[in-house]
Amino acid sequence: TAAYIAFGTNNTEEVRILNGGGITFNGDTAAANALDDYEEGDWNPVLYGLGSAGTTTYTTRSGSYTKIGNLVTVNIYLNWSNQTGSGDMAIGSMPFTRKSGSNYETVGTAVFSNWDYNGTEQTFGYMGDSTILHFRSSYDNEAWQGVQHDSAGELMVSVTYRTT
């Protein structure tokens, strides 16, 4: 008749399955703390330019994600032989919409290969728009700036962001 199912050891509750959905741990009874969403999957990220999108010829295009609650971790690997866009590089069609107002919480690592860099730049990705991953770099302690993309290259990036 209880509104939940609980599991425990030595008369101590370890796990609770809430009637309204979700799992809590170690005697926690608050629905707000319940783990109520888990998902993982694959999708095809889209490389383009923010000035003009252009088209991309991919050698390899791979995207995977894990979503736990409202936190999404995305891993991307792209290798392209031709990209006709212009302006700052971006990746669109991210698997989940970024939570409004949280774009500067989403910094992730980005590694480029076969790229026209100065050699000592620091580069990162962040969710600047609802479903668009932007890139910024800095060279010799200069201000952060958008990353201009090459017509061909290779990119590996991992970013974690909050979703709605």
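Every heavy atom of this structure was used, including side-chain atoms; hydrogens, water molecules and symmetry mates were not.
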Could you tell me if [Y] and [X] have a donor-acceptor pair between their side chains, going purely by distance under 3.5 Å?
{"X": "Thr131", "Y": "Thr97", "answer": "no"}
{"X": "Tyr48", "Y": "Gln83", "answer": "no"}
{"X": "Thr66", "Y": "Glu40", "answer": "no"}
{"X": "Thr9", "Y": "Glu14", "answer": "yes"}

Restricting to non-hydrogen atoms, name the atom on [X] and the atom on [Y] that form the minimum distance, rounded to 0.1 Å.
{"X": "Ser93", "Y": "Val46", "answer": "OG-CG2, 3.6 Å"}
{"X": "Ala34", "Y": "Gly21", "answer": "CB-O, 4.4 Å"}
{"X": "Ile76", "Y": "Pro45", "answer": "CG2-CG, 3.8 Å"}
{"X": "Asp42", "Y": "Tyr65", "answer": "N-CE2, 3.9 Å"}
{"X": "Thr164", "Y": "Lys99", "answer": "CG2-CA, 3.9 Å"}
{"X": "Thr73", "Y": "Ser158", "answer": "CG2-OG, 4.3 Å"}

Is the shortest heavy-atom distance from the side chain of [X] to the side chain of [Y] under 4.5 Å?
{"X": "Ile68", "Y": "Leu35", "answer": "yes"}
{"X": "Trp80", "Y": "Thr60", "answer": "no"}
{"X": "Asn82", "Y": "Tyr58", "answer": "no"}
{"X": "Val74", "Y": "Ser64", "answer": "no"}
{"X": "Thr29", "Y": "Tyr4", "answer": "no"}
{"X": "Met127", "Y": "Leu133", "answer": "yes"}

Next on the checklist: Going by side chain to side chain contact (heavy atoms under 4.5 Å, CB included), name the residues that satisfy it together with Asn70, two or more places apart in sequence or in a different chain.
Outcome noted: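 If we apply the side chain to side chain contact (heavy atoms under 4.5 Å, CB included) test to Asn70, skipping adjacent residues, the hits are Arg162, Thr163.
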Item to check | Ring-face cation of Lys67 near Tyr38 (centre distance under 6.0 Å, axis angle within 45°) | outcome: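 Checked: cation-pi criterion not met.
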Item to check | Cation-pi geometry met for Arg98 and Tyr161 (6.0 Å, 45°) | outcome: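 Here Arg98 fails the 6.0 Å and 45° test against Tyr161.
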If you look only at distance, which donor and acceptor atoms sit under 3.5 Å apart when one is on a side chain in residues 84-91 and the other is two or more places apart or in another chain?
| from | atom 1 | to | atom 2 | distance (Å) |
| --- | --- | --- | --- | --- |
| Thr84 | OG1 | Thr55 | N | 2.8 |
| Thr84 | OG1 | Thr55 | OG1 | 3.4 |
| Ser86 | OG | Ser52 | N | 3.3 |
| Ser86 | OG | Ser52 | OG | 3.1 |
| Asp88 | OD1 | Gln148 | NE2 | 2.6 |

Next on the checklist: Would Thr160 and Leu71 count as a side-chain contact (heavy atoms from CB on, under 4.5 Å) here? Give the steps.
Outcome noted: CA-CA 7 Å; Thr160 299; Leu71 202 60; 3.7 Å; yes
Checklist entry - Run the side-chain contact (heavy atoms from CB on, under 4.5 Å) check on Glu39 and Val72 step by step: do they pass? => result CA-CA 9 Å; Glu39 183 179 338; Val72 181; over 6 Å; no
Mind checking the [atom1]-[atom2] spacing from [X] to [Y]? Nearest 0.5 Å is all I need.
{"X": "Ile23", "Y": "Asp28", "atom1": "CD1", "atom2": "CG", "result": "12.5 Å"}
{"X": "Leu155", "Y": "Tyr77", "atom1": "CG", "atom2": "OH", "result": "9.5 Å"}
{"X": "Leu18", "Y": "Asp36", "atom1": "CG", "atom2": "CG", "result": "9.0 Å"}
{"X": "Trp43", "Y": "Ser62", "atom1": "CH2", "atom2": "OG", "result": "8.5 Å"}

Checklist entry - With sequence neighbours left out, what residues match Thr24 under side-chain hydrogen bond (donor to acceptor under 3.5 Å, both in side chains)? => result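 Expected list: none.
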Next on the checklist: Under a 3.5 Å distance rule, please check whether Asn10 uses its side chain to pair with a backbone N or O of Thr12 as donor and acceptor.
Outcome noted: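 It does not hold such a pair.
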Next on the checklist: Pair Ile17, Phe7 - check side-chain contact (heavy atoms from CB on, under 4.5 Å), show working.
Outcome noted: CA-CA 9 Å; Ile17 301 173; Phe7 301 91; 3.9 Å; yes
